[in-house]
Q: 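Before anything else, here's the structure in question.
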2 protein chains.
Amino acid sequence: MAGTRRHTLRDIAATLNLSVNTVSRALSGKDGIGEKTRALVRAEAERVGYVPNSVARSLVLGSAMTFGLVITNPSNPFYAQLISSIELRARNHGYSLLLMVTGESEEYETRAVESLLRSSVSGSIAVPVQASADPWRRLGTVGVPTVLLNRDLPDLGYRFVGTDNELGGYRATAHAISRGARSIVVLEEDLPITTIADRIAGFRRAMAEAGLSVPRGSIMRVPTRRHEQAALPWQPQQAYQVARRMLRRARLPDAVVVGNDYFALGLYRALEECGLKVPDDMMVIGFGDYPFSAFLSPPLTTVRLPAEEVGDIAVDLLLEEIAGGRSARPLKQLIAPTLVERESTNRTTFARTLV
Amino acid sequence: MAGTRRHTLRDIAATLNLSVNTVSRALSGKDGIGEKTRALVRAEAERVGYVPNSVARSLVLGSAMTFGLVITNPSNPFYAQLISSIELRARNHGYSLLLMVTGESEEYETRAVESLLRSSVSGSIAVPVQASADPWRRLGTVGVPTVLLNRDLPDLGYRFVGTDNELGGYRATAHAISRGARSIVVLEEDLPITTIADRIAGFRRAMAEAGLSVPRGSIMRVPTRRHEQAALPWQPQQAYQVARRMLRRARLPDAVVVGNDYFALGLYRALEECGLKVPDDMMVIGFGDYPFSAFLSPPLTTVRLPAEEVGDIAVDLLLEEIAGGRSARPLKQLIAPTLVERESTNRTTFARTLV
DNA sequence: ATGAAAGCGCTAACAA
DNA sequence: TTGTTAGCGCTTTCAT
């Protein structure tokens, strides 16, 4: 890979007997320049294959036309989609994406923010680990606009966009109840984040509204993958083990609401091994509507998160924050998830619940 | 988000009555500086919360301690994992990641390369669209080290790491044959890339070695998602439709080898609707070993791609290329995928094949 | 051990 | 319309 030195404005200026400044303005499309000169400069730039040095540009402008995107785990299908949609929209507005993966590690989150600061990013979009608000507070202090995604840190007063998890939990639960469930168990990852707490709150609200009790053991925790080196894809295996434990109980629930569709896979397996049928013996409601969920057997009823919409809004919020104007839209946006009803809650007989 | 101006070397130099140079060396750990001075500078830097400006640093050094990572689609679980492992390893070597998503678009690939050039990345890792080698050739011409991932462009002579897809296709097919299959169909995305062509070549080799014929219609194509705006998650739906078409044939194959595990989902659905059982009526072999594949019913036999290993090697190859030394390892590396045998090929009766 | 000076490639203010 | 000057924050000679 040979290293032909790159051409600079100065090179072009020299061969054309112009000043660097003139060349700069000709190329950047500013006015105050003769049309013939501009054409000349453009032709020469074209000829030598001029590529602007955006590092130099960033240095003088103090900002790099780059967004930092800080994500916990790209193998989460929701975040994978988010990456795509954010990259696309950022690109369409002329921004590049500096991607950092925290893997739920507070330590790396701190280093990621440090890295963003060094890089003079124009702004950042982040899913915080939610162990501490400090790193993100720091960004704000030095004036880097930041939009929080999916997990808020309310103390900071930053713009935020996320899923309404409370509503999601509520809808999932209410749906199960409407299909005849009276005893419901929740399977959630054992991670201290608001998204999970909110879903559980929604679950409790739905149960309360229906006058149903929530006995101890209704909320089961799947061991977390936090603190693993690389961000690994989710392991339905761990949900499977928790599900097996649950199925040893004397009284089984009518329905299980899981925190993500991967957990539903483990639950399906456990149920199958115990000879229990979904939905007749037990209903299952997922969360996420991952690409595989509609194709499970039976197809999984699940709460769909509008990843694309969330991503687009995140970028828009960030652009507004950068522009500095008051925004038309609210600073905090909770997007309502929608319930996708499929066979896993389409009970034909009410055998067990009618006992 | 207030904008307290960032402290610079000059600020520290001023308050300490030192030269910028001295401060720079004190902080960068170079020698030729008194221990007391160094301690003093460090303390002051700490006190004011000094953050180095890596844009300035990049400008003078001509390189940005950043890798460009150009990927077709983060919603492909294989690439999602790749992003994680590459980010981790790059970070451990002090590099940041500039992420670009092509969505299989040649046009955006070209713009992505342009963007990498502007940004003075230290190097890049790319899954090329394989429509043209030109963009990537350009990177090499101006001296940006580039490692190709998963899809090679042999003309360029760049370092490359990928899966041995031919071997993967071979192993999948040979396995089906060993389980009694004599008539096999392949379902692949309709995309003109070497990975797919290689898998099909492997399929043909296995069939030939077994003395089995490959009649017309053995290779079925699933409509591609190329040219969609955002990179969408794969739609098993399209594979389902192709599978339905196949199942209308007079003579059904004993086994179907699919190009990725998402396609297996669509196939499972189609088979179920037709009342056909996996594996007894038809065996299914996937590709990718996605996180859900072990939890399908029946669990899917599939070819596992070593995503983490491929990602790590990609970074190592790039680091070697940047260092400029001859590498111990070969410039082109094909990683052998492994077959994960599960129930979808565990045939208990040979009813149909023994007719 | 420390300082002074130059320059990376660009943009922005001000002159001409 | 074009040129001159200065400077973004840092690293790297070369002096001292």
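Just so it is clear: chains get the letters A, B, ... in the order the sequence lines come, proteins before strands, and each one is counted from 1.
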Q: Is A/G32 touching bases, backbone alone, or none of the nucleic acid, heavy atoms closer than 4.0 Å?
A: base

Q: Quickly work out the B/H7 NE2 to D/dC8 P distance and round it to whole Å.
A: 16 Å

Q: Would you tell me if any nitrogen or oxygen in the side chain of A/Y50 comes within less than 4.0 Å of OP1 or OP2 on C/dG9?
A: no

Q: Within the structure shown, what part of the strands sits under 4.0 Å from B/D11 by heavy-atom distance: base, sugar-phosphate, or nothing?
A: nothing

Q: Please state whether the phosphate of C/dA12, meaning OP1 or OP2, lies under 4.0 angstrom from any side-chain nitrogen or oxygen of A/K30.
A: yes

Q: By the 4.0 Å heavy-atom rule, please label B/K36 as base, sugar-phosphate, or nothing.
A: nothing

Q: Measure CG/B/L16 against C1'/C/dA1 and give the value in whole Å, please.
A: 15 Å

Q: In whole angstroms, how far is the C1' atom of C/dC10 from the CG atom of A/L27?
A: 12 Å

Q: Taking only the side-chain nitrogens and oxygens of B/T22, find out if one of them lies under 4.0 Å from OP1 or OP2 of C/dG3.
A: yes

Q: Please determine whether a side-chain nitrogen or oxygen atom of A/R10 lies at a distance below 4.0 Å from atom OP1 or OP2 of C/dG7.
A: no

Q: Counting side-chain heavy atoms from CB outward, which of C/dG3, C/dT11, D/dG3 is closest to A/R57?
A: C/dT11

Q: For A/R25, which contact category applies under a 4.0 Å heavy-atom criterion: base, sugar-phosphate, or nothing?
A: base

Q: Closest to the B/S19 side chain: C/dC8, C/dG3, C/dT11?
A: C/dG3

Q: Rounded off to whole Å, could you give me the CG-to-P distance for the B/D31 and D/dT12 pair?
A: 13 Å

Q: Treating B/D11 as the side-chain partner and B/T8 as the backbone partner, does any N or O pair qualify as donor plus acceptor under 3.5 Å?
A: yes

Q: Please give, in whole Å, the distance from D/dG7 P to A/L61 CG?
A: 17 Å

Q: Can you check the B/L9 CG to C/dG3 C1' distance for me, whole Å?
A: 15 Å

Q: Would you mind telling me which of A/L16, A/N17, A/T22 makes a side chain to side chain contact (heavy atoms under 4.5 Å, CB included) with A/S19?
A: A/T22

Q: Hey, is the main chain of A/L117 close enough, under 3.5 Å, to the side chain of B/R6 for a donor-acceptor pair?
A: yes

Q: Do the side chain of B/Y158 and the main chain of B/L331 share a donor and acceptor less than 3.5 angstrom apart?
A: no

Q: Give a yes or no on whether the backbone of A/P128 and the side-chain of A/E109 come within a donor-acceptor separation of less than 3.5 Å.
A: no

Q: As a test of reading the structure: which of C/dT2, C/dT11, C/dC8 is closest to the side chain of B/L59, going by heavy atoms?
A: C/dC8

Q: In whole Å, I'd like the distance from the CG atom of B/N17 to the C1' atom of C/dT2.
A: 13 Å

Q: Assess the residue pair A/S63 and A/S122 against the criterion (side chain to side chain donor-acceptor pair (under 3.5 Å)); give the C-alpha distance rounded to whole Å, side-chain angles, the decisive distance to 0.1 Å, and a yes or no.
A: CA-CA 5 Å; A/S63 151; A/S122 318; 3.0 Å; yes

Q: Grab the CZ-P distance between A/R6 and C/dC10 for me, whole Å please.
A: 8 Å

Q: Heavy atoms only, 4.0 Å cut-off, all strands: where does B/T37 land among base, sugar-phosphate and nothing?
A: sugar-phosphate

Q: Tell me if the side-chain of A/N21 makes a donor-acceptor pair with the base of D/dT4, cut-off 3.5 Å, by modelled atom types.
A: yes

